[in-house]
Trainee: 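Here it is, the structure, as structure tokens.
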Amino acid sequence: MNNTFQSTSIDKISCEPFLRWAGGKRWLLKDLAKFLPTNGYNNYHELFLGGGAIYFHLQPTKTSFLNDFNPNLIHTYECIKDDVEKVLVELKKLKNTKDDYYKIRSKKFRNDYKKAAKFIYLNQTSFNGIYRVNLKGEYNVPYGFRTKDFVEEENLKLISKVLKPCVFSSFDFASCLDNIKKNDLVFLDPPYTVAHNNNGFIKYNQKLFSLEDQYRLASTIEEIKQIGAYYILTNAWHLKIREIFNNGDKISKISRASLIGGKNAKRGRYDELIITNVQTI
């Protein structure tokens with residue numbers, strides 16, 4: 001193996017993603033190894049970080065460039081990386097009651113660590129951990145009536161250590177190409193534009209990630225390939241998506257259980273699409 005590459009089998013810190021995240025990729029972890037470059041890779045990149053399940057699972061030893069268009073999310077990651085103790089101090093001041101939830105949700109903090117604590121608190125105590133804002137950009141998810149402790153002190157301390165080799169950014173995905181070099185690995189998990197296994201388009205998601213954005217992402221992937229980097233793309237298994245990303249690379253289908261929804265939500269099994277230029281045995 002080329003010694004400049006990082007191995008995909010390293011000693012890892014045992015930690016879990018600290019956020020509940022719709023569309024998270026924990027379900028992929030058991031199958032992820034079959035999509036990774038067998039000879040390793042250089043730096044690691046995520047253009048749609050979200051809850052970070054893939055990064056926390058891989059824990060690359062070299063530099064990781066982690067991006068998400070949500071600046072509040074990236075701000076929270078940066079605060080945990082820089083000074084997790086200050087985040088914990090602020091987090092422990094908060095109480096998980098309906099009244100407290102709406103008071104905290106409406107507050108605007110100037111202190112960086114108070115902002116990060118608020119983000120984690122709302123994520124952990126809101127309904128289904130959904131991230132949704134109104135037209136004014138204000139978080140508007142209702143209280144979730146969860147009894148689980150939202151202060152995961154030891155896990156957050158471990159998370160802080162794992163984030164040390166990371167460089168964070170909050171840009172449009174197409175603006176993240178400058179840091180990508182030959183033999184790097186790029187993981188792409190865009191917000192899904194379509195519903196799984198049917199022809200329904202997700203109306204609420206059009207502003208977040210439109211069909212036009214899917215075409216832009218396909219073009220970005222071509223640029224990644226021209227650089228000589230590896231990429232792994234996850235998306236909904238849908239006729240239109242397969243058409244957009246039909247670029248001659250390996251296409252796989254993985255079936256998974258539905259993970260997020262209210263008590264009246266329809267649950268079942270969804271098919272996920274994975275496309276990669278990684279040549280595996």
Trainee: Checking Asp68 side chain against Leu49 main chain: does a donor-acceptor pair fall under 3.5 Å?
Mentor: yes

Trainee: Taking the side chain as C-beta and beyond, is there a heavy-atom pair between Phe35 and Val278 under 4.5 Å?
Mentor: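 The answer is no; the side chains never approach within 4.5 Å.
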
Trainee: Examine distances only and state if a side-chain atom of Asn123 and a backbone atom of Leu19 form a donor-acceptor pair shorter than 3.5 Å.
Mentor: no

Trainee: Side chain of Gln59, backbone of Ile13: donor and acceptor closer than 3.5 Å?
Mentor: yes

Trainee: List the atom of His75, the atom of Asp112, and the distance in Å for their closest heavy-atom pair.
Mentor: NE2-O, 2.9 Å

Trainee: Give the C-alpha distance, both sets of side-chain angles, the deciding distance and a yes or no for side chain to side chain contact (heavy atoms under 4.5 Å, CB included) between Leu158 and Phe18.
Mentor: CA-CA 10 Å; Leu158 294 173; Phe18 64 97; over 6 Å; no

Trainee: Give the cluster check for Ile251 versus Leu217: same hydrophobic cluster or not, with ILVMFWY residues linked at side-chain heavy-atom distances below 4.5 Å.
Mentor: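 Same cluster.
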
Trainee: If we ignore hydrogens and angles and just use 3.5 Å, is the side chain of Tyr113 paired with the main-chain N or O of Leu91 as donor and acceptor?
Mentor: no

Trainee: Using 0.5 Å steps for rounding, measure from the CD1 atom of Ile274 to the CG atom of Asp249.
Mentor: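 Reported value, rounded in 0.5 Å steps: 13.5 Å.
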
Trainee: If you define the side chain from C-beta out and look only at heavy atoms, does anything of Tyr55 sit under 4.5 Å from Pro17?
Mentor: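 No, their side chains stay 4.5 Å or more apart.
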
Trainee: Classify the angle between the aromatic ring planes of Tyr139 and Tyr131 as parallel (below 30°), tilted (30 to 60°) or perpendicular (above 60°).
Mentor: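 It falls in the tilted class, 30° to 60°.
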
Trainee: If the threshold is 4.0 Å, N to carboxylate O, is there a salt bridge linking Lys181 and Asp184?
Mentor: no

Trainee: Is the shortest heavy-atom distance from the side chain of Val186 to the side chain of Leu47 under 4.5 Å?
Mentor: yes

Trainee: Under 3.5 Å, side chain of Lys115 to main-chain N/O of Thr76, donor-acceptor pair present?
Mentor: no

Trainee: Using the rule that two of Ile, Leu, Val, Met, Phe, Trp, Tyr join whenever any of their side-chain heavy atoms come within less than 4.5 Å, decide whether Val151 and Ile80 are in one cluster.
Mentor: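 Per the 4.5 Å side-chain linkage, Val151 and Ile80 are co-clustered.
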
Trainee: Run Ile244 and Leu211 through side chain to side chain contact (heavy atoms under 4.5 Å, CB included) and show every step you take.
Mentor: CA-CA 9 Å; Ile244 293 171; Leu211 197 61; 3.9 Å; yes

Trainee: How far does CD1 of Ile120 sit from CG of Leu156, to the nearest 0.5 angstrom?
Mentor: 5.5 Å

Trainee: In Å, rounded to the nearest 0.5 Å, how long is the span from CD1 of Ile221 to CZ of Phe245?
Mentor: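 Answer rounded to 0.5 Å: 5.0 Å.
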
Trainee: Does the side chain of Leu36 come within less than 4.5 Å of Leu58's, by heavy atoms?
Mentor: yes

Trainee: Going hydrophobic residue to hydrophobic residue with side-chain gaps under 4.5 angstrom, can you get from Phe109 over to Ile74?
Mentor: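 Different clusters: Phe109 never reaches Ile74 through Ile, Leu, Val, Met, Phe, Trp or Tyr contacts under 4.5 Å.
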
Trainee: Work out which heavy atom in Ala229 is nearest to a heavy atom in Ile180; give both atom names and the distance.
Mentor: CB-CG2, 3.7 Å

Trainee: According to a hydrophobic-cluster definition based on side-chain heavy atoms being under 4.5 Å apart (Ile, Leu, Val, Met, Phe, Trp, Tyr only), do Trp237 and Phe209 belong together?
Mentor: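 In one cluster with Trp237: Phe209, yes.
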
Trainee: Evaluate side chain to side chain contact (heavy atoms under 4.5 Å, CB included) for Thr63 paired with Asn179, printing each intermediate quantity in order.
Mentor: CA-CA 10 Å; Thr63 303; Asn179 292 320; over 6 Å; no

Trainee: Say whether, by atom type as modelled, one donor and one acceptor occur between the side chain of Tyr102 and the main chain of Tyr143 under 3.5 angstrom.
Mentor: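 Present.
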
Trainee: Between Phe127 and Phe119, is there shared hydrophobic-cluster membership here, with clusters defined by ILVMFWY side-chain heavy atoms closer than 4.5 Å?
Mentor: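 Yes.
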
Trainee: Just so I know, are the side chains of Leu185 and Ile232 near enough to count as touching, which here means a heavy-atom distance under 4.5 Å?
Mentor: yes

Trainee: How long is the straight-line distance from CG of Leu29 back to CD1 of Ile54, given to the nearest 0.5 Å?
Mentor: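 Output value for this atom pair is 5.0 Å.
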
Trainee: So which atom in Ser126 and which in Val141 form the shortest heavy-atom distance, rounded to 0.1 Å?
Mentor: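 Closest heavy-atom pair between Ser126 and Val141: CB-CG1, 3.8 Å.
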
Trainee: Please examine the side chains of Cys176 and Phe65, heavy atoms only from C-beta on, and report whether any two atoms are closer than 4.5 Å.
Mentor: no

Trainee: In terms of side-chain geometry, is the basic nitrogen of Glu78 or Lys81 positioned less than 4.0 Å from the acidic oxygen of its partner?
Mentor: no

Trainee: Counting distance only, does the side-chain N/O of Arg26 pair as donor-acceptor with the main-chain N or O of Ala53 below 3.5 Å?
Mentor: no

Trainee: At what distance, to the nearest 0.5 angstrom, does OG1 of Thr220 lie from OH of Tyr231?
Mentor: 12.0 Å

Trainee: How far apart are the C-alpha atoms of Glu90 and Lys86, what are their side-chain angles, what is the distance that settles it, and do they pass the salt bridge (Lys or Arg N to Asp or Glu O under 4.0 Å) test?
Mentor: CA-CA 7 Å; Glu90 300 302 332; Lys86 289 183 179 178; over 6 Å; no

Trainee: Might you point out which heavy atoms bring Cys79 and Ala116 nearest each other, and give the distance in Å?
Mentor: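 The pair with the smallest heavy-atom distance is CB-CB, 3.7 Å.
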
Trainee: Could you tell me which non-hydrogen atom of Pro142 sits nearest to which non-hydrogen atom of Arg132, and how far apart they are?
Mentor: CD-NH2, 3.8 Å

Trainee: Only counting residues at least two apart or in another chain, list the ones meeting side chain to side chain donor-acceptor pair (under 3.5 Å) with Arg216.
Mentor: Asp172, Asp213

Trainee: Please check this pair: side chain of Ser255 against backbone of Asp271, looking for a donor-acceptor N/O pair closer than 3.5 Å.
Mentor: no

Trainee: Can you tell me how far CD1 of Ile254 sits from OG1 of Thr234, rounded to the nearest 0.5 angstrom?
Mentor: 9.5 Å

Trainee: Is it the case that the side chain of Arg20 and the backbone of Ile130 share a donor-acceptor pair, with hydrogens and angles ignored and the cut-off at 3.5 Å?
Mentor: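 No, Arg20 side chain to Ile130 backbone: no donor-acceptor pair under 3.5 Å.
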
Trainee: Counting N and O atoms only, with roles assigned by atom type, does the side chain of Arg105 sit under 3.5 Å from a partner on the main chain of Glu138, one being a donor and the other an acceptor?
Mentor: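 Checked: no pair found.
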
Trainee: How about Lys250: does its NZ atom have over 12 heavy atoms from other parts shown lying under 6.0 Å from it?
Mentor: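 Counting neighbours around NZ of Lys250, more than 12 heavy atoms of other residues, nucleotides or ligands fall under 6.0 Å, so yes.
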
Trainee: Please report the shortest heavy-atom distance between Gly52 and Tyr77, naming the atom on each side.
Mentor: N-OH, 3.6 Å

Trainee: Tell me whether the rings of Phe173 and Phe48 are parallel (<30°), tilted (30 to 60°) or perpendicular (>60°).
Mentor: tilted

Trainee: For residues Gln214 and Asn235, is any side-chain donor paired with an opposing acceptor at under 3.5 Å?
Mentor: yes

Trainee: Atom NZ of residue position Lys164 - does it have more than 12 heavy atoms of other residues, nucleotides or ligands inside 6.0 Å?
Mentor: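 Yes, NZ of Lys164 has more than 12 neighbouring heavy atoms, counting only those of other groups under 6.0 Å.
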
Trainee: Are Tyr41 and Tyr230 an aromatic pair by the rule of ring centers under 6.0 Å?
Mentor: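 Centroid distance Tyr41-Tyr230: not below 6.0 Å, so no.
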
Trainee: Quick one, Tyr121 and Tyr101 - any side-chain contact, counting heavy atoms below 4.5 Å?
Mentor: yes

Trainee: Any chance you could lay out the side chain to side chain contact (heavy atoms under 4.5 Å, CB included) test for Lys62 and Tyr44, step after step, and finish with the verdict?
Mentor: CA-CA 8 Å; Lys62 292 192 176 182; Tyr44 177 74; over 6 Å; no

Trainee: Taking the side chain as every heavy atom from C-beta outward, state whether Leu122 and Lys118 have any atom pair closer than 4.5 Å.
Mentor: yes

